[in-house]
Amino acid sequence: MSDPSEAPRRRRRQPAPPAPPAQGSVVKGAILVVVAVVIGLALLRDDSSTATKISVGAESPVTQPGDDGDPSSVSSTSSTTVAVRAPSEVKVLVANGSDVNGAAGVQTNALKALGYVTANPGNAARVPATVVYFTTGYEGEAAALAAAIGAPATAVQALPTPAPVDDMALSNVLVVLGPDLAKAG
C-alpha cells in the first residue's frame, strides 16, 4: 500500500481578494445625473413652433432724452415677453351671440381644426360684435385666438362675473360670436 504521508493534499481555499472600491459606480451615477439634467433643461427650453410669444410694452429697452431735449435727463421703457400656450393646451367654448343659426358650431369646428380643445358650442345673449373673453392667466392665448379668427385686438376682454354663459365647461377662453364673424352652418 502506499504511505499515508503521501496521501493527496487538499488545497486550501484562498480568501477572495477584497473588492475594488466602487468609484466607477459613483462616477457613472454622477454622469447619468448630469446627462438627465441637461436633457431636462433642453426639454424645458424647447422653442417649438407651436409656442407663440407676445410682447407687452415697448419692443426693447429704450433710452431717450427727456421731454426737455436734455440728454442727461432720460426716460426709459422696457418690455415683457410672455410665452403663450399651444392651442392644444387651451380649452375654448364658443357661444352664439348672433342671429345666425349654427354659427357657434361652425366656429367650434374651425377652432378644432386649428388644434384647440373645444367644449360643446352654446348660446349667449346677443352682442353687437364678437368678444373673446379670457380667464385669469389666458390673456395671451385669447389674443392669439382672436387674431386666428379675425377678431380685432379690442375684442379681447377679461371674463366678467357672472359669465355671459351659464356653464363655462371648464374653458379657459370664451368666444361670444357676434354678427361680424358669425357664419351659417
Side-chain angles (χ1 to χ4, degrees), residues 36 38-64 67 75-185:
V38 169
I39 291 171
L41 289 174
L43 290 174
L44 287 174
R45 200 171 160 256
D46 182 21
D47 290 331
S48 66
S49 61
T50 61
T52 306
K53 296 189 180 195
I54 294 185
S55 211
V56 180
E59 290 295 318
S60 61
V62 178
T63 303
Q64 300 174 337
D67 291 336
S75 64
S76 93
T77 59
S78 64
S79 67
T80 303
T81 300
V82 179
V84 177
R85 293 170 188 88
S88 62
E89 298 176 32
V90 181
K91 186 169 183 184
V92 182
L93 169 63
V94 180
N96 192 351
S98 74
D99 290 327
V100 179
N101 288 335
V106 170
Q107 189 62 64
T108 297
N109 290 335
L111 290 172
K112 275 184 196 175
L114 293 174
Y116 287 94
V117 177
T118 57
N120 290 330
N123 291 309
R126 303 289 179 248
V127 292
T130 299
V131 183
V132 180
Y133 294 107
F134 60 89
T135 59
T136 304
Y138 283 84
E139 182 175 4
E141 290 77 4
L145 184 145
I149 65 172
T154 55
V156 179
Q157 300 177 18
L159 183 67
T161 304
V165 293
D166 292 334
D167 182 10
M168 282 289 293
L170 302 174
S171 296
N172 313 112
V173 177
L174 167 65
V175 177
V176 178
L177 279 177
D180 57 331
L181 296 179
K183 296 178 180 131

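Quick note: residue numbers are just sequence positions, from 1.
V106 approaches A184 most closely through the heavy-atom pair CG2-O, 3.6 Å. V127 approaches G178 most closely through the heavy-atom pair CG2-CA, 3.7 Å. For V132 against A151, the heavy-atom pair with the smallest separation is CG2-CB, 4.5 Å. A pairwise comparison of heavy atoms in L114 and P87 identifies O-CB, 3.7 Å as the closest pair. In terms of heavy-atom proximity, A144 sits nearest to V84 at CB-CG1, 4.5 Å. For the residue pair G122 and L93, the shortest heavy atom distance occurs at N-CD1, 4.5 Å.
Proximity of S171 to V92: side-chain heavy atoms (C-beta onward) are nowhere separated by under 4.5 Å. The closest side-chain heavy-atom distance from L174 to P164 is below 4.5 Å.
Atom CD1 of I149 and atom OG1 of T130 lie 6.0 Å apart (nearest 0.5 Å). Taking CG from N172 and CZ from R85, the interatomic distance works out to 7.0 Å, rounded to the nearest 0.5 Å. Here the OG1 atom belonging to T136 is positioned 8.5 Å from the CG atom belonging to L159, to the nearest 0.5 angstrom.
A distance-only check finds no donor-acceptor pair linking the side chain of N109 to the backbone of A113 [under 3.5 Å]. Looking at R126, its side chain does come within 3.5 Å of a backbone N or O of S98 through a donor-acceptor pair.
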*Test log, rule side chain to side chain contact (heavy atoms under 4.5 Å, CB included), inputs Y116 and K91*: CA-CA 6 Å; Y116 287 94; K91 186 169 183 184; over 6 Å; no
*Would you check, one step at a time, whether the test side chain to side chain contact (heavy atoms under 4.5 Å, CB included) holds for V90 with V173?*
CA-CA 7 Å; V90 181; V173 177; 3.8 Å; yes
*Can you check side chain to side chain contact (heavy atoms under 4.5 Å, CB included) on F134 and V156, steps first, answer last?*
CA-CA 7 Å; F134 60 89; V156 179; 3.7 Å; yes
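Applying the 6.0 Å contact sphere to CG of N101 captures no more than 12 heavy atoms from other residues, nucleotides or ligands.
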